[in-house]
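In what follows, a structure is listed as structure tokens, so that the remarks can point back to it.
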Amino acid sequence: MAKVTQISIQERNKERCNIFIDGEFKFALSLELVLKYRLKVGVELGDKEIDEITFDGQKAEALNKAIAYVAKSLKTKKQVKIYLLSKGYSEQIAYYVIDKLKEYSYVNDVDYARQYIESCSKNQGKKLITYKLMTKGIRKDDIDLAYTMVNVPQKENAKSVAEKYLRNKEITKENLAKAYRYLLGKGFSYDEIDFALNDFKEN
């Protein structure tokens with residue numbers, strides 16, 4: 001058995017305590033967890049109890065960091081996981097935190113996708129937006145659901161992009177072919193590109 005030999009409140013954060021076991025610093029805990037586990041000088045702890053307290057402390061700490069992280073801007077579940085792993089937390093803790101964030105609506109991949117679509121669809125087609133969202137860890141089903149929530153005039157957007165690309169350019173077969181490839185690269189479909197370039201006639 002190990003014995004708690006010192007509990008000291010942190011100078012920079014009065015809501016957290018440093019816990020010393022057998023004369024050595026073991027971990028830092030919130031006051032809430034200190035009370036939950038009834039920790040005080042002289043209390044003896046087994047290895048299983050120490051592991052449980054340590055894990056609980058890491059979960060609480062990781063959750064606080066994740067909340068601060070997502071408060072700056074909307075994040076996907078994958079982004080939160082990568083952030084927590086980069087901070088040294090285990091996958092088990094990362095998944096626990098993500099579940100908690102979902103529970104309190106701090107992360108919502110469908111909402112993230114919807115906002116991304118609204119901000120990017122004027123300059124990019126559905127294929128490219130879908131690809132980018134999937135690289136952020138958002139499932140295809142969630143992306144498709146997000147698209148049902150917004151009104152995206154794909155053909156008109158493709159036409160607008162084409163007009164900007166061809167502005168001040170001579171309308172030749174070569175430039176139209178370049179515009180076609182450009183719109184493909186922007187993620188627009190063949191039908192959308194045909195519509196976008198339909199009004200342009202070769203001189």
Side-chain angles (χ1 to χ4, degrees), residues 1-41 43-120 124 128-146 149:
M1 298 289 284
K3 183 180 292 185
V4 176
T5 52
Q6 182 183 344
I7 299 176
S8 59
I9 296 176
Q10 294 183 350
E11 291 186 8
R12 293 186 179 181
N13 187 348
K14 303 301 182 183
E15 298 297 316
R16 291 180 65 77
C17 295
N18 293 328
I19 310 299
F20 293 78
I21 293 179
D22 292 337
E24 295 183 355
F25 172 77
K26 187 65 178 179
F27 40 64
L29 293 175
S30 66
L31 288 173
E32 181 182 358
L33 289 179
V34 172
L35 293 173
K36 173 184 175 180
Y37 287 101
R38 299 179 180 178
L39 298 179
K40 59 184 179 180
V41 174
V43 167
E44 293 187 339
L45 302 170
D47 291 341
K48 186 176 180 180
E49 290 174 295
I50 291 174
D51 288 344
E52 180 183 348
I53 295 170
T54 301
F55 186 67
D56 237 7
Q58 288 180 342
K59 288 194 299 184
E61 184 182 67
L63 181 59
N64 286 335
K65 286 187 177 181
I67 289 173
Y69 177 63
V70 301
K72 297 175 182 177
S73 63
L74 203 60
K75 299 292 190 303
T76 67
K77 292 182 291 186
K78 181 179 178 180
Q79 289 172 326
V80 173
K81 179 185 175 183
I82 291 173
Y83 170 77
L84 291 174
L85 293 180
S86 74
K87 295 297 182 182
Y89 296 104
S90 67
E91 284 199 354
Q92 186 179 3
I93 288 177
Y95 287 126
Y96 163 83
V97 169
I98 289 168
D99 285 342
K100 282 295 180 183
L101 292 178
K102 286 168 58 180
E103 184 179 336
Y104 293 103
S105 300
Y106 278 103
V107 290
N108 184 319
D109 280 1
V110 174
D111 193 44
Y112 183 101
R114 178 186 60 77
Q115 292 190 37
Y116 190 94
I117 291 166
E118 289 176 341
S119 66
C120 297
Q124 299 173 20
L128 181 58
I129 289 175
T130 298
Y131 170 77
K132 287 185 175 180
L133 287 172
M134 289 182 72
T135 64
K136 295 176 183 290
I138 299 179
R139 296 183 309 149
K140 180 67 163 50
D141 289 347
D142 286 341
I143 297 169
D144 291 340
L145 177 58
M149 300 176 177

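- In this structure, the side chains of Leu29 and Asp56 stay at 4.5 Å or more apart for every pair of heavy atoms.
- Separation of atoms CD1 (Ile93) and CG (Leu85) is listed at 10.0 Å; rounding is to 0.5 Å.
- Atom OH of Tyr131 has 12 or fewer heavy atoms from other residues, nucleotides or ligands within 6.0 Å.
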task = Dump the intermediate steps for side-chain contact (heavy atoms from CB on, under 4.5 Å) on Lys81 and Glu91, then the final yes or no.
result = CA-CA 8 Å; Lys81 179 185 175 183; Glu91 284 199 354; 3.7 Å; yes
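- In summary, the side chains of Tyr89 and Lys59 do not present any donor paired with an acceptor at a separation below 3.5 Å, with no hydrogens or angles considered.
- To the nearest 0.5 angstrom, Thr54 atom OG1 is 11.0 Å from Glu61 atom CD.
- Heavy-atom minimum distance, Ile7 versus Cys17: CG2-CB, 4.0 Å.
- Heavy-atom minimum distance, Val80 versus Lys75: CG2-CB, 4.1 Å.
- A donor-acceptor pair under 3.5 Å is absent between the side-chain atoms of Thr76 and the main chain of Gly137, judged by distance alone.
- Listed by first then second residue, pairs satisfying side chain to side chain donor-acceptor pair (under 3.5 Å) with a partner in residues 11-31 read Gln10-Asn18, not counting sequence neighbours.
- The backbone N or O of Met134 sits nowhere less than 3.5 Å from a side-chain atom of Lys78 that would complete a donor-acceptor pair.
- Atom CG of residue Leu63 and atom CG of residue Asp99 lie 11.0 Å apart, to the nearest 0.5 angstrom.
- Remark: Glu103 pairs with Lys100 by the salt bridge (charged side-chain N to carboxylate O under 4.0 Å, His left out) rule, at least two apart or across chains.
- By the neighbour-count criterion of 12 heavy atoms within 6.0 Å, atom OH of Tyr106 is sparsely surrounded, having that number or fewer from other residues, nucleotides or ligands.
- Within the model, atoms NZ of Lys102 and CD1 of Ile98 stand 8.5 Å from one another, a figure rounded to the nearest 0.5 Å.
- Within a 6.0 Å radius of CD in Glu32, no more than 12 heavy atoms belonging to other residues, nucleotides or ligands are found.
- By the 4.5 Å heavy-atom criterion applied to side chains, Met149 and Val110 are counted as neighbours.
- In this structure, the separation between CG on Leu45 and CD1 on Ile19 is 9.5 Å, given to the nearest 0.5 Å.
- From Ile138, atom CD1 reaches atom CD1 of Ile143 across 6.0 Å, with rounding to the nearest 0.5 Å.
- When every heavy atom of Ala113 is checked against every heavy atom of Leu133, the shortest pair comes out as CB-CD1, 3.9 Å.
- Looking only at side-chain heavy atoms (C-beta outward), Ile50 and Phe27 come within less than 4.5 Å of each other.
- By the 6.0 Å and 45° rule, Lys132 does not stack over the aromatic ring of Tyr116.
- Applying the salt bridge (charged side-chain N to carboxylate O under 4.0 Å, His left out) rule to Asp51 yields no partners; only residues at least two apart in sequence or on another chain are considered.
- Using a 4.5 Å heavy-atom threshold, the side chains of Tyr112 and Lys77 count as separate.
- Listed by chain and number, the residues in a salt bridge (charged side-chain N to carboxylate O under 4.0 Å, His left out) with Glu118 are Arg114 (sequence neighbours excluded).
- Partners of Thr5 under the side-chain contact (heavy atoms from CB on, under 4.5 Å) rule, at least two apart in sequence or in another chain, are Phe20.
- Under the rule for a salt bridge (charged side-chain N to carboxylate O under 4.0 Å, His left out), the partners of Lys140 that lie at least two apart in sequence or sit in another chain are Asp144.
- At distances below 3.5 Å, not a single donor-acceptor pair connects side-chain atoms of Lys40 with backbone N or O atoms of Arg38.
- When every heavy atom of Ala60 is checked against every heavy atom of Leu33, the shortest pair comes out as CB-CD1, 4.3 Å.
- What you find for Gln79 and Lys136 is that their closest heavy atoms are NE2-NZ, 4.1 Å.
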